[in-house]
Structure formats: C-alpha cells, structure tokens
Amino acid sequence: MYVRDAMSSVVLTIGPAHTLRQAARLMSARRVGSAVVLDPDTSGLGILTERDILNSLGEGQDPDLETAHSHTTADVVFAAPGWTLDEAARTMTHGGFRHLIVLEAGDPVGVVSVRDIIRCWAPVQQPAMA
C-alpha cells in the first residue's frame, strides 16, 4: 500500500496569525490532529499538531494570545503519494513525529498520520455471529 491509499486528502490549512484556540477549534471540527500552516511571507509550509497545542497549554500559555506561527514546526519532512506505507512509517519513527504532509508537484495534497497507517495495516475484524 501507498501513502496515497492511506492519506487524508482533506487538508486543513491555516495562517500563521491564527491563535492556538482558533486552530484547535478548526482541528476539532474537522476531526484532524494537525493543520498545515501556510505562511505567505516566507512561501513556506509548516505543520501545527495537537501536541504543539498541548505543549503550549502545559506551559501555561494563553491559547487566545499564542499564534500558530510561534508553535509551527517549520523543518517539516514531506512525503510523496507514491511512498510505501513502510517508508512513511520508518520516516515517522526516525523523526519522532506522527504526521507527514504529502506533497505533489510542490502542493500539499494530503496528510498521513500514524493512525492512517495503522488503519490500513490492521486487518478488518468481522463481528462474531452468535
């Protein structure tokens, strides 16, 4: 199986000026664990994850004042749709992260998470008939 088979093609994108509370609301509404942060000033892509928000809250920071820019991971490792799930899993394990932005022709086309990979690898269990 490939990243294209597992990734979510619904990509939540936010700007660097979004507050962490705004980001958390959007992530919760979309039921995703990360947001791609598009910064038009740097022409770069970053990622904000639920863990980034949790770390900020744990440090006592105000989610209404903290911005995505301040908590975005900018040194992002990207995946391609044609990567195998093994490649994606090895990359995540090696880097110590749980999400990969999937790029095609330089544009974000999806996000693949550890949960997505496990869902593809785990056999579908049928309920036992009584």
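Please read all numbers here as calculations on a predicted model, not as lab measurements.
The CZ atom of Arg21 sits 10.0 Å away from atom CG of Leu65, with the distance rounded to the nearest 0.5 Å. Atom-to-atom distance recorded for Glu59:CD and Leu54:CG is 10.0 Å, nearest 0.5 angstrom. For the atom pair CG (Asp5) and CZ (Arg119), the distance works out to 11.0 Å, reported to the nearest 0.5 Å. The CG atom of Leu85 sits 11.0 Å away from the CD1 atom of Ile118 when rounded to the nearest 0.5 Å.
None of Val77, Ile47, Val109 except one satisfies the side-chain contact (heavy atoms from CB on, under 4.5 Å) rule with Ile101; the exception is Ile47.
Side-chain contact between Thr72 and Thr67 is absent, with no heavy atoms from C-beta onward closer than 4.5 Å. Arg51 places a side-chain heavy atom less than 4.5 Å from the side chain of Arg98. Contact check for Ile14 versus Leu38: no side-chain heavy atoms found under the 4.5 Å cut-off. Put simply, the side chain of Cys120 does not reach to within 4.5 Å of the side chain of Ile117, judged on heavy atoms.
Leu20 and Met27 fall within a single hydrophobic cluster, where Ile, Leu, Val, Met, Phe, Trp and Tyr are joined by side-chain heavy atoms under 4.5 Å apart, directly or via other members. A single hydrophobic cluster is not seen to contain both Leu45 and Leu48; linkage of ILVMFWY side chains at heavy-atom distances under 4.5 Å, directly or through other members, places them apart. One hydrophobic cluster, built from ILVMFWY side chains closer than 4.5 Å, cannot hold both Val112 and Val32; they sit in different ones. Under the 4.5 Å side-chain contact rule for hydrophobic residues, Tyr2 and Trp83 do not share a cluster.
Nearest heavy-atom pair, Met7 versus Val102, reported as atom, atom and distance to 0.1 Å: SD-CG1, 3.7 Å. Shortest non-hydrogen contact noted between Ser34 and His99 is OG-CD2, 3.6 Å. Residues Met92 and Ser113 approach most closely at CE-C, 3.9 Å, considering heavy atoms. Scanning all heavy atoms of the two residues, the minimum distance from Ala68 to Val37 falls at CB-CG2, 4.4 Å.
Using a distance-only test at 3.5 Å, with no hydrogens or angles considered, no donor-acceptor pair links the side chain of Ser28 to the main chain of Ala24. Using a distance-only test at 3.5 Å, with no hydrogens or angles considered, a donor-acceptor pair links the side chain of Gln22 to the main chain of Thr19. Under a 3.5 Å cut-off, the side chain of Thr91 and the backbone N or O of Glu87 do form a donor-acceptor pair.
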Take Phe97 and Thr49, measure what side-chain contact (heavy atoms from CB on, under 4.5 Å) needs, and give me the verdict at the end. CA-CA 10 Å; Phe97 44 81; Thr49 67; over 6 Å; no

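Glu50 pairs by the side-chain hydrogen bond (donor to acceptor under 3.5 Å, both in side chains) definition with nothing, not counting sequence neighbours.
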